[in-house]
Amino acid sequence: QVQLVESGGGSVQAGGSLRLSCVASGSIFSISYMAWYRQAPGKQRELVAFITGGGRTNYADSVKGRFTISRDNAKNTVYLEMNSLKPEDTAVYYCNEGGFSWGQGTQVTVSS
């Protein structure tokens, strides 16, 4: 059974930065597709970024150039570095493994 534990959320002012982490257990992490999603109040959950086992990445247009997804296979961890944060980035951020397993989410709040 895959378990995902996110951390690193918090409250920042616009223009600030945060780094989210997601530690995975119970999977062959090194070959797993890993992704970050977010869900703002009243909105559907949306894909923010993903990284394949081979390191290929892709980003939502709204975060390109500001967010960076990376992984450390030795630590079974995927990161989301978020820079130049905007109020519209406010959401609960979820880690996803293989398109199936979800973490509990971590709140990110950006104030103007």
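All values below come from the heavy atoms of this structure, side chains included, with hydrogens, waters and symmetry mates left out.
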Backbone N/O of M34 and side chain of S32: donor-acceptor pair under 3.5 Å: no
Q104 side chain vs E6 backbone, donor-acceptor pair below 3.5 Å: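 Pair found, side chain donor or acceptor close to backbone of E6.
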Let me check something: any side-chain donor-acceptor pairs from residues 76-85 under 3.5 Å, sequence neighbours excluded? List them with distances.
unit_1: N76; atom_1: ND2; unit_2: A24; atom_2: O; d: 3.4
unit_1: T77; atom_1: OG1; unit_2: K75; atom_2: O; d: 2.7
unit_1: N83; atom_1: OD1; unit_2: S17; atom_2: OG; d: 2.8

Rounded at 0.5 Å granularity, tell me how far [atom1] in [X] sits from [atom2] in [Y].
X   : Y    : atom1 : atom2 : result
Q13 : S112 : CD    : OG    : 9.0 Å
L20 : F67  : CG    : CZ    : 8.0 Å
C22 : L4   : SG    : CG    : 4.5 Å

Hits for salt bridge (Lys or Arg N to Asp or Glu O under 4.0 Å) against E46, two or more places apart or cross-chain, chain-then-number order -> R38
Not counting sequence neighbours, which residues clear salt bridge (Lys or Arg N to Asp or Glu O under 4.0 Å) with K64? List them please.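 K64 satisfies salt bridge (Lys or Arg N to Asp or Glu O under 4.0 Å) with D61 only.
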Strictly by modelled atom types, are R56 and N58 linked by a side-chain donor-acceptor pair under 3.5 Å?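 No, no side-chain donor-acceptor contact under 3.5 Å.
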Picking from T68, I69, T52, what satisfies side chain to side chain contact (heavy atoms under 4.5 Å, CB included) with T57?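 Answer to the side chain to side chain contact (heavy atoms under 4.5 Å, CB included) test with T57 among T68, I69, T52: I69.
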Looking only at heavy atoms, which two atoms of [X] and [Y] are closest? And how far apart?
X    : Y    : result
A14  : P87  : CB-CD, 4.1 Å
N96  : F100 : ND2-N, 3.8 Å
V108 : G9   : CG2-CA, 4.2 Å
A49  : Y59  : CB-CD2, 3.5 Å

Does L47 sit in a hydrophobic cluster with other residues, and if so which ones, taking ILVMFWY side chains as linked at heavy-atom separations under 4.5 Å, directly or through other members?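 Members alongside L47: Y33, Y37, F50, V92, Y94, W102.
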Are any of the side-chain heavy atoms of Q3 and V23 separated by less than 4.5 Å?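 Q3 vs V23: side chains apart.
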Sorted by chain and number, sequence neighbours left out, side-chain hydrogen bond (donor to acceptor under 3.5 Å, both in side chains) with E88 holds for none
R66: side-chain hydrogen bond (donor to acceptor under 3.5 Å, both in side chains) partners, not counting sequence neighbours: D89
